[in-house]
Structures are given as structure tokens and as C-alpha cells.
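Heavy atoms only: backbone and side chains are in, while hydrogens, waters and symmetry mates are out.
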Amino acid sequence: MQLEGKQNKALTVFKTTKGENHPSVGSVFVRLADLYNRTGKIRESKSYCENALRIYEKPMIGIPAKEIASGLSDIYTIYESMDELEQALKLLEKALKIYNDAPGQQSTIAGIEAQMGVLHYIGKLFGVATRCLYMWAYFLNVYLGLLPRNGQVRNLGSILYLNFLTFLANNVAIHY
């Protein structure tokens, strides 16, 4: 595969210029894992995921936390597509923990909460799925500026929108 050769070349360059444990190396591992996953070579894909995880779980000093969380989210996508839902959930939880400590990440946190809600729903953990969807609604409202962090709603439109999201979260859990 020509793409695989280019990825391996990039891997060599990044290892040489940035170091074995730099997130750029992890990112190439993720791209290779994705490539192998898409071609049905699951064992090779998991191996590259594990290599990337070793880098992201023990990052070099000075690497922005957002870069690590993003890498974990990328690996989550691969595990989720392999139906490795338990591993995928663990990765989302780690990414969420990192993003919770970073200011201005409400939109990203909302997206992760929604993804976790779906995974819990697939695993038939409806109570946990509902909690995740409530958190998604909360962080989405904070991100949209409808709900400040102190929880006070700003206007009638915000109240209606928040009620709609709460209704949506309740009905997803009840119907499924």
C-alpha cells in the first residue's frame, strides 16, 4: 500500500526529529491504525492503537493537554468502529477528564458526553446514558451562552430550549 509507506516514512521522520514519545508520532500511529482498521486488518490496527496509547498516556513535558485529549478521542473512534465499546468508553472518559480541566472546552465536552451517552445506550445502561445526555444538554447550553456556569437561566427562550433538551434526554432513555 502506497499510503502505508508514506505513513511509515512520516513515522520515521517524526521519531527522528521530535522523539519517540512525541504526540506527532502518536498521531501517525493513529493514522496507521485507522488505515489497517479500514482494510480489515484488526490485529495490526490494535497494535498501532496500543503504540499511540503508550505515547498519549505518558506525554512528554510541555505538550498541551488538548493535544493529548484529541489523540485519545481519535483512538476512541477506531475502537468504537471495531465494536470495542468498553475500551472506547475508557478513552472517552480519559479525554473528558482532560477537557474538564481546560477552560473554554464546553462544546468539546458536550460532544464527548453525547458520544458516551450513545455508547452507554448501546450497552443498555440507560440510566448512565440519561446522565450523559443531561450533561450534554448542560454543556451545550453553557457553550451556546444560554446557561452560565452558575446555572442561572438568562431568558425565556433559554428556558424553553433547556426544557426541550431535557425532554429529548428523557425520551431517548425511556424509548430505548
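For Glu57, the side chain to side chain donor-acceptor pair (under 3.5 Å) criterion is met by Lys94, not counting sequence neighbours. Under the salt bridge (charged side-chain N to carboxylate O under 4.0 Å, His left out) criterion, Lys90 pairs with Glu86, sequence neighbours left out. Partners of Asn37 under the side-chain contact (heavy atoms from CB on, under 4.5 Å) rule, at least two apart in sequence or in another chain, are Ile42, Ser45, Ile78, Ser81, Met82. For Glu84, the side chain to side chain donor-acceptor pair (under 3.5 Å) partners two or more places apart in sequence, or in a different chain, are Lys46. Among residues two or more places apart in sequence or in another chain, the salt bridge (charged side-chain N to carboxylate O under 4.0 Å, His left out) test is passed with Arg54 by none.
The closest side-chain heavy-atom distance from Ser47 to Phe29 is not below 4.5 Å.
The two residues Glu20 and Val25 come nearest to each other via the heavy atoms O-CG1, 3.7 Å.
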Distance-only criterion, 3.5 Å: show the donor-acceptor pairs between side-chain atoms of residues 59-76 and protein atoms not counting sequence neighbours.
from  : atom 1 : to    : atom 2 : distance (Å)
Ser73 : OG     : Ala69 : O      : 3.1
Asp74 : OD2    : Arg31 : NH2    : 3.4

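Here CG of Leu35 is found 10.5 Å from CD of Glu44. Values are rounded to the nearest 0.5 Å.
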Does the pair Leu91 and Leu53 meet the rule for a side-chain contact (heavy atoms from CB on, under 4.5 Å), with working shown? CA-CA 9 Å; Leu91 292 167; Leu53 279 172; 3.3 Å; yes

Please evaluate residues Val30 and Tyr56 with respect to the criterion side-chain contact (heavy atoms from CB on, under 4.5 Å), reporting the C-alpha separation (whole Å), side-chain torsions for both, the decisive distance (0.1 Å), and the verdict. CA-CA 11 Å; Val30 171; Tyr56 292 128; 4.1 Å; yes

